[in-house]
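Below, read A as the first sequence line, B as the second, and so on, with proteins coming before strands; counting in each chain starts at 1. These numbers come from a predicted model, not from an experiment.
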2 protein chains.
Amino acid sequence: MNFTERQQQILAYLRQYGSASLQQLMEFTNSSESSIRRDLTELDKQQLIDRFHGGATLNQPLLSEKSLLEKSDESLTEKQEIMKLAAQHIRYGECIYLDAGSTIIHLIPHIVNKNVTVVTNGLMHVPLLMEQNIETVIIGGKVKAKTQAVIGAKAITQFQQYYFDRAFIGANGFSELQGYTTADSEEATLKQLAIKQSKQAYIVADHSKFGLSQFAKFGDLEDAILITSGLTDAQYEQLEKRTEVLRA
Amino acid sequence: MNFTERQQQILAYLRQYGSASLQQLMEFTNSSESSIRRDLTELDKQQLIDRFHGGATLNQPLLSEKSLLEKSDESLTEKQEIMKLAAQHIRYGECIYLDAGSTIIHLIPHIVNKNVTVVTNGLMHVPLLMEQNIETVIIGGKVKAKTQAVIGAKAITQFQQYYFDRAFIGANGFSELQGYTTADSEEATLKQLAIKQSKQAYIVADHSKFGLSQFAKFGDLEDAILITSGLTDAQYEQLEKRTEVLRA
DNA sequence: TATAAAAATGAATGTTTTTGAAAGAAAATT
DNA sequence: AATTTTCTTTCAAAAACATTCATTTTTATA
């Protein structure tokens with residue numbers, strides 16, 4: 001069973017969204033209606049998708065990544081929306097940093113065709129990145145047991161050697177007063193460095209993190225573009241006085 | 001089974017990137033379309049690759065979906081035996097290096113209570129190490145697609161910063177004449193460094209690797225203690241003239 | 001060393017597969 | 001019923017393919 005690259009892309013898209021219209025797949029893969037149709041019939045024959053009038057859905061949840069991407073999250077679609085918006089900022093061929101964490105992983109399906117190089121401290125991202133054939137560099141250092149994030153002094157020294165076009169970083173809390181915060185101070189140090197070592201940093205956090213402040217601060221609102229969703233207009237306006245905010 | 005240099009190159013390329021287009025292989029090997037095609041048909045006939053329209057992929061018996069330790073190996077118990085013996089050399093509290101690879105992973109269950117610190121370039125080892133609550137440091141650098149081993153220049157520089165009590169390294173071939181060899185030259189560089197940066201290095205390889213020599217050499221027999229099994233007494237004696245050999 | 005035979009190579013050839021577009025049929029929507 | 005959307009079929013162009021052949025390189029033999 002050997003798939004063309006385009007069929008792989010279709011599956012990647014379906015894994016992300018569960019279903020897709022023909023139009024969406026044409027845009028996503030940059031190919032013609034005919035080709036998509038042919039691929040869909042083929043994939044359908046292989047029982048990997050189910051077709052419906054106008055598109056297709058994933059048939060078998062492909063074990064490995066599915067479990068990675070789903071993670072039984074209530075805020076799943078919110079995360080997906082946020083990361084889709086984030087991906088639109090990435091240009092062809094750039095070098096980007098991906099922070100460890102369950103939110104950031106949702107960026108990966110959106111960067112398959114952008115020919116990016118990914119640098120990350122999140123070991124949990126690696127299988128998915130490899131599957132999408134994305135050039136990947138891992139930051140070395142101590143591995144944190146609970147989250148499989150790389151942290152520690154060795155990781156910090158390595159950061160000095162990299163410079164990114166964009167960095168995408170998760171936050172456990174963000175507020176006007178306290179800025180961006182997270183629970184682990186070692187992780188905070190890395191996040192801080194990632195902001196510093198990138199041309200443009202993006203903090204991604206869903207609405208539940210708004211107003212919270214955790215133990216370790218790693219930046220002020222001004223230090224990065226904030227990507228979030230689900231806030232009230234008043235809250236958005238308040239934040240926009242301090243930094244650029246992208247509403248997903 | 002005898003391969004031309006170009007066929008070796010093709011295999012090396014595929015091992016690194018997983019798949020390749022004809023164009024890529026033409027550039028990589030500096031040869032004509034015809035030659036590449038001829039090689040691909042040959043390699044396909046030998047069941048080493050799978051061809052698809054426009055290129056080829058490595059024909060690896062699907063290892064991804066197997067559980068980490070099982071991996072459907074005929075030589076499974078042999079590997080286990082070898083690694084069990086290897087583990088007996090590790091003392092409490094030591095710092096050890098674990099090479100990437102399916103053999104070495106079998107060492108992990110044997111070191112749970114030894115309070116060791118593990119340094120590794122094998123991302124595939126991490127989940128198991130975390131599960132056993134073993135202090136783990138990962139080498140940073142480019143991630144190789146097919147094997148999830150960390151390689152490249154960045155990995156090499158990092159090695160200079162570590163010094164191990166023991167290093168456990170896999171080999172795809174070992175022979176009196178050629179010493180220890182492996183297929184990927186980038187991995188070979190790391191293995192060589194690991195030997196150098198450790199007080200004592202161990203090469204582990206099952207009997208099927210005896211007499212084989214692959215593309216890239218990373219050491220002479222004398223450079224490490226050899227752990228293997230299943231050889232004849234004569235073969236053992238021959239090897240023991242050159243280095244210490246542990247018979248599993 | 002010289003020569004012939006064998007093997008490997010790269011270009012040229014025609015064939016097959018893949019692709020995107022067009023036209024009409026079928027299905028869904030209004 | 002009329003209209004829009006989606007589907008299938010068909011066709012020509014493009015890309016990838018196998019085959020052939022002349023040339024070069026390697027190997028074997030005189």
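Taking atom CG of B:Leu40 as the reference point, atom P of C:dT9 lies 13 Å away to the nearest angstrom. Regarding A:Glu5, its CD atom lies at a distance of 15 Å from the P atom of C:dT18, rounded to whole Å. For A:Gln7 and C:dT17, the CD to P distance is 16 Å, given to the nearest whole Å. Note: CZ (A:Phe52) to P (D:dC7) measures 9 Å, nearest angstrom. Straight-line distance from the CD atom of B:Glu33 to the P atom of D:dC17: 8 Å, rounded to whole Å. Put simply, CZ on B:Arg51 is 6 Å from P on D:dC17, counting in whole angstrom units. Rounding to whole angstrom units, CD1 of residue B:Ile36 and C1' of C:dA11 are separated by 15 Å.
When only modelled atom types and interatomic distance are considered, A:Glu27 and A:Gln23 share no side-chain donor-acceptor pair under 3.5 Å. A donor-acceptor pair shorter than 3.5 Å can be found between the side chains of B:Lys79 and B:Ser102.
In this structure, CZ in A:Arg51 is found 9.5 Å from CG in A:Leu43, a value given to the nearest 0.5 Å.
Listed nucleotides D:dC17, C:dG20, D:dC7 differ in distance to B:Leu22; the shortest reach to its side chain belongs to D:dC17. Ranking C:dA28, C:dG20, D:dA16 by closeness to the A:Ser35 side chain, first place goes to C:dG20.
Side-chain atoms of B:Arg38 come within donor-acceptor range of the base of C:dG10, with a qualifying N/O pair under 3.5 Å. The base of C:dA11 is paired with the side chain of B:Ser34 by a donor and an acceptor separated by under 3.5 Å.
When the side-chain nitrogen and oxygen atoms of A:Arg6 are compared with OP1 and OP2 of C:dT18, none of them lie within a distance under 4.0 Å. Phosphate proximity of D:dT20 to B:Arg37: absent, as no side-chain N or O sits under 4.0 Å from OP1 or OP2.
Heavy-atom nearest nucleotides on DNA chain C were determined for B:Ser31 and for B:His53, and the one closer to the 5' end corresponds to B:Ser31.
Of the listed residues (A:Lys199, A:Arg166, A:His89), just one forms a side chain to side chain donor-acceptor pair (under 3.5 Å) with A:Glu94, and that residue is A:Arg166.
Residues passing the ring pair (Phe, Tyr, Trp, His ring centres under 6.0 Å) test with B:Phe28, sequence neighbours excluded: B:Tyr13.
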